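Quick note: numbers below take in every heavy atom, side chains included, and nothing from hydrogens, waters or symmetry partners. Computed from a predicted model, the values in this text were never measured in an experiment. Residues take their numbers from the sequence shown, with the count starting at 1. Order of listing sets the numbers, starting from 1, for every ligand and every atom in it.
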Amino acid sequence: MAQPVLRIFSYLPNPRVWKALIAADIGGVEIEVVGDKPAGLGTWLWDYDARPLPDDERVPTSPYARTGKRGFSGTLYKTDAFLRTQPFGTVPAAFSPGGEVGIFESNSILRAAARCAGEDTGLYGADAYEASRIDGFLDAGLVFAREAQVYLLGMDEPEAHNHQRMAAAYEFYLTGVESALAHTRFVAGDKLSIADISFVCDFAQFLREGHYVEALEAAGLPLISADGLEQYPRAFGHMLELSATDVFAARMGTYLNWYRKGLAEVG
Ligand SMILES: N[C@@H](CCC(=O)N[C@@H](CS)C(=O)NCC(=O)O)C(=O)O
């Protein structure tokens, strides 16, 4: 088997990890994935050589003990080497073979996968201009995804303030993607690129707001994506179409089945 071009450590499954895996599959390169279910990652040593820690090493006096900052509450165990290579201390955390270079932010891990796969895939555009346009979509997507992260993490007790920010970010991002798709077959142009991959994975994750209808209702807040198919038909259609293709479905599995089922029921 070919040598992996990257190692990724993360909780699994994770749509942010799928981004790089889909690009790697298209490019015919290997990515090694190491991790555990979300609740399990608190018992792991976060490192290039990540591994589950035995109970007696998970103590407050451990030199690796750190307080979770985003999405994880309580203690996490991160090595100094992890924090040197991953300065924000987040997962997914990617590494060059051997662990010397840390790559963070799922969009940049996706870029790394596309770059390692080579230019022939066309995933990162044909020239500096196309690549930069693709970067623009990835940047806009990150702003959207960050808002979605705060919104979804707050679903225990949805707050009007977060909901308002999410609704504005959704409208801004979806309007842009919808507008782009009015002119080209794919998000950044006439070929599939990492802009499409990032969009599909982040957007599919955002749609999980639909799992919290009751919590939103209790807080008197509407589902932001409720009329999405009518409001942004190209963007929603693109996400649904691409996620059903073999290469996306191989990584995304049944993740969107609940959403497709809901659409079918509405008719
Ligand atoms: N925008 C980042 C988000 C990464 C992120 O925020 N990861 C969180 C988990 S969802 C994390 O690793 N938190 C570590 C901590 O709580 O210390 C990406 O796309 O990779």
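Legend: residues meeting side-chain contact (heavy atoms from CB on, under 4.5 Å) with S62, ordered by chain and number and at least two apart, are V59, Y64, A65, Y77.
Ring-plane geometry between F72 and W46 is classed as perpendicular, the angle between the planes exceeding 60 degrees on a 0 to 90 degree scale with a lower cut at 30. Using cut-offs of 30° and 60° on the angle between ring planes, the pair W258 and H211 is tilted.
With ligand atoms numbered from 1 in the order given, ligand 1 contributes 20 (O) to contacts under 4.0 Å with heavy atoms of P92. Taking every non-hydrogen atom of R16 and a distance limit under 4.0 Å, the qualifying atoms of ligand 1 come out as 3 (C), 10 (S), 18 (C), 19 (O), 20 (O). Of all atoms in ligand 1, listed by their number and element, those nearer than 4.0 Å to a heavy atom of Q149 are 5 (C), 6 (O), 10 (S). Near F72, the atoms of ligand 1 lying under 4.0 angstrom from a non-hydrogen atom of the residue are 9 (C), 13 (N), 14 (C), 16 (O). The distance from ligand 1 to the heavy atoms of G89 drops below 4.0 Å at these ligand atoms: 14 (C). Those atoms of ligand 1 with a heavy atom of T90 less than 4.0 angstrom away are 4 (C), 5 (C), 6 (O), 7 (N), 11 (C), 12 (O).
Only the side chain of Y11 comes within 4.0 Å of ligand 1, counting heavy atoms alone; its backbone N, CA, C and O stay farther away. Of the heavy atoms in L142, only side-chain atoms (C-beta onward) come closer than 4.0 Å to ligand 1. With a 4.0 Å heavy-atom cut-off, ligand 1 is reached by no atom of N107.
In terms of modelled atom types and a separation under 3.5 Å, the side chain of K78 and the main chain of G89 share a donor-acceptor contact.
Of the N or O atoms in K19, none lie within a sub-3.5 Å distance of an N or O in ligand 1. Considering both main-chain and side-chain atoms, K69 comes within under 3.5 Å of ligand 1 through a nitrogen or oxygen pair. Where the criterion is an N or O separation shorter than 3.5 Å, residue side chain and backbone included, V91 meets it with respect to ligand 1.
Under 4.0 Å is where a charged nitrogen must lie from a carboxylate oxygen, and between R111 and D139 at least one such pair does. Looking at D80 and R66, a side-chain N of the basic residue comes within less than 4.0 Å of a carboxylate O on the acidic one, giving a salt bridge.
Between D202 and G141, the shortest heavy-atom contact is OD2-O, 4.1 Å.
In this structure, R7 satisfies the cation-pi test against Y48, with its NZ or CZ atom closer than 6.0 Å to the six-membered ring centre and inside 45 degrees of the ring normal.
Taking each of R70, K78, E105, Q205 in turn, the one with a heavy atom nearest to atom 17 (O) of ligand 1 proves to be K78.
Looking from atom 20 (O) of ligand 1 to the surrounding protein, the closest heavy atom is S106 N, 2.9 Å.
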Do any side-chain atoms of residues 229-241 form donor-acceptor pairs under 3.5 angstrom with protein atoms, and if so which ones, sequence neighbours left out?
residue: R234; atom: NH1; partner: E178; partner atom: OE2; Å: 3.4
residue: H238; atom: NE2; partner: D196; partner atom: OD1; Å: 2.7
residue: E241; atom: OE2; partner: R185; partner atom: NH2; Å: 2.8

